[in-house]
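Working notes, structure below.
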Amino acid sequence: MSNEWPLWEIFIRGQHGMSHRHVGSLHAPDAEMAIKNARDVYTRRNEGVSIWVVKAENIAASDPGDKGPLFDPSNSKIYRHPTFFDIPDEVGSM
Amino acid sequence: MYAQMIKTARSGVKTRDEMTDQEREFQDKIDNDIKIEPRDWMPDDYRATLIRQIGQHAHSEVVGQLPEGNWITRAPTLERKAILLAKVQDEAGHGLYLYSAAETLGESRDELIRLLHEGRMKYSSIFNYPTLNWADIGAVGWLVDGAAIVNQVALQRTSYGPYSRAMVRICKEESFHARQGYHAIMQMAFGTPEQKRQAQDAVNRLWFPSIMMFGPSDSESVHSEQSMAWKIKVKSNDELRQQFVDQTVPQIAYLGLDMPDPNIKWNEERGHYDYSDPDWSEFFNVIKGKGPCNVDRMNARVKAWEDGAWVRDGLLAHARKKAARNMAAE
């Protein structure tokens, strides 16, 4: 068994009211140490108010090769955007 | 620079006709400034070259802590000590961002560290020079980190997404490094005659090693062509070196110090400062392991790794035991 500490992906909430964002990764023996290390590595200059850590092996990701089938179909559905609809000025803001 | 003389895994650049469809598609993305991400297809040589470059860059950040760490306990005031400690801590973080970027290419951090310790990977030549007096610490922050910034700002546009994002993060922090260094040396240059003499001595000794950081001159850089085509490298060694000289000369002048190179002169026609080439034979010697501190640096790294083994193993054993206990309880 390898003695390398597992890899954790780190997510930081930058400010109250914002969502957590992926900022990078680090190695740690367990979740508790991962949070401690993340605090030292990623929040030394007030970058965060909350930390999530997730073992990298637990993240499932879409295949880059599927980009077309996954995301292209939404290109043709322009009616999903509010600007698709012309509303007369007289109606007021909507 | 922090990554000097990176061998590209292949020689020569393929023409479009020589490329496979996959390679052409890859090159098109690069040419259109679309970042390459970890799970995207990439040529094996692109991956290998990046691992070498990012790995060397990471090693440089970590080994770079040694010449400065030397002065943490000797800093002249508590404030300077706290600042230096914060800077050296940043360098450890920079190493980590870069190892993480290399790991997304499928190379483990432990493996990169093993290659360094076995002498099969390198770090920047600059860290094989000693820091002899306190002014050296100012000069390192100002000149060495200043040179690093020139390189790393360019690398923010590198084609590999994780490397580029690591550079963005690092550049934000490097600016503190350069400014604290210049601030420290300013105090000395404007201080007593003895302090000024030490500041001058530090600049004299560190100038040429600093401009060597950008690597050999373009005409000698045999590995650059493919790296430029792949946008692993964005600007040439000489371009970056000139940029560094141009920005630094007025800063030396402001300190009232003599130029460390008598040939530094504004060239109206080129719109740049002229300067002397460093002694490249010295550079190649240092790269080959014959610099003033190569042996000390490697010994310190290997010792730190070996002395820390029981901590790494102990924490991992504890984590595994705890996980097993939780599993049994469920």
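Residue numbers begin at 1 in each chain, while the letters A, B, ... track the order of the sequences. Quick caveat: nothing in here was measured; it's all calculated off a predicted structure.
Within a 6.0 Å sphere centred on CH2 of B/Trp305, other residues, nucleotides and ligands contribute more than 12 heavy atoms. The local environment of NE2 in A/His22 is crowded, with over 12 non-hydrogen atoms from other residues, nucleotides or ligands closer than 6.0 Å. More than 12 heavy atoms of other residues, nucleotides or ligands sit less than 6.0 Å from atom CD of B/Glu118. The number of heavy-atom neighbours closer than 6.0 Å to CE of A/Met18, taken from other residues, nucleotides and ligands shown, is 12 or below. Counting heavy atoms of neighbouring residues, nucleotides and ligands inside a 6.0 Å radius, atom NZ of B/Lys321 does not exceed 12 of them. Counting non-hydrogen atoms of other residues, nucleotides and ligands closer than 6.0 Å to CG of B/Asn32 gives a total above 12. No more than 12 heavy-atom neighbours from other residues, nucleotides or ligands sit within 6.0 angstrom of CD on B/Glu25. Within 6.0 Å of the CZ atom in B/Arg179, the count of heavy atoms belonging to other residues, nucleotides or ligands does not exceed 12.
Ion pairing between a basic and an acidic side chain is recognised when a charged N comes within 4.0 Å of a carboxylate O; A/Glu4 and B/Arg312 show no such pairing. The pair A/Lys67-B/Asp40 fails the salt-bridge criterion, with no side-chain N (NZ, NE, NH1 or NH2) lying under 4.0 Å from an Asp/Glu carboxylate O. The pair A/Asp30-B/Arg320 does not count as a salt bridge, with every side-chain nitrogen at least 4.0 angstrom from each carboxylate oxygen.
With a 4.5 angstrom heavy-atom cutoff, A/Ala61 touches chain B via backbone and side-chain atoms both. If you measure heavy-atom distances from B/Ser108 to chain A, the contacts under 4.5 Å come from both the backbone and the side chain. Using a 4.5 Å cut-off between heavy atoms, B/Leu316 touches chain A through backbone and side chain atoms alike.
Note that OH of B/Tyr99 is 10.5 Å distant from NE2 of A/His27, once rounded to the nearest 0.5 Å.
Chain A forms the most heavy-atom pairs under 4.5 Å with one residue out of B/Lys322, B/His318, B/Arg169, B/Lys172, and that residue is B/Arg169. Ranking B/Glu37, B/Glu103, B/Arg165 against chain A, the residue ahead of the rest is B/Glu103, based on heavy-atom pairs under 4.5 Å.
Residues B/Asp90 and A/Arg45 form a side-chain contact, since some pair of their non-hydrogen atoms from C-beta on lies under 4.5 Å apart. Residues B/Asp110 and A/Trp5 have side chains not in contact (no heavy-atom distance under 4.5 Å, counting atoms from C-beta outward).
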| Would B/Arg109 and A/Leu26 count as a side-chain contact (heavy atoms from CB on, under 4.5 Å) if you check the C-alpha gap in whole Å, the side-chain angles of each, and the deciding distance to 0.1 Å? | CA-CA 10 Å; B/Arg109 183 174 70 181; A/Leu26 52 75; over 6 Å; no
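Closest non-hydrogen pair, A/Tyr42 versus B/Leu96, comes out as OH-CD2, 3.6 Å.
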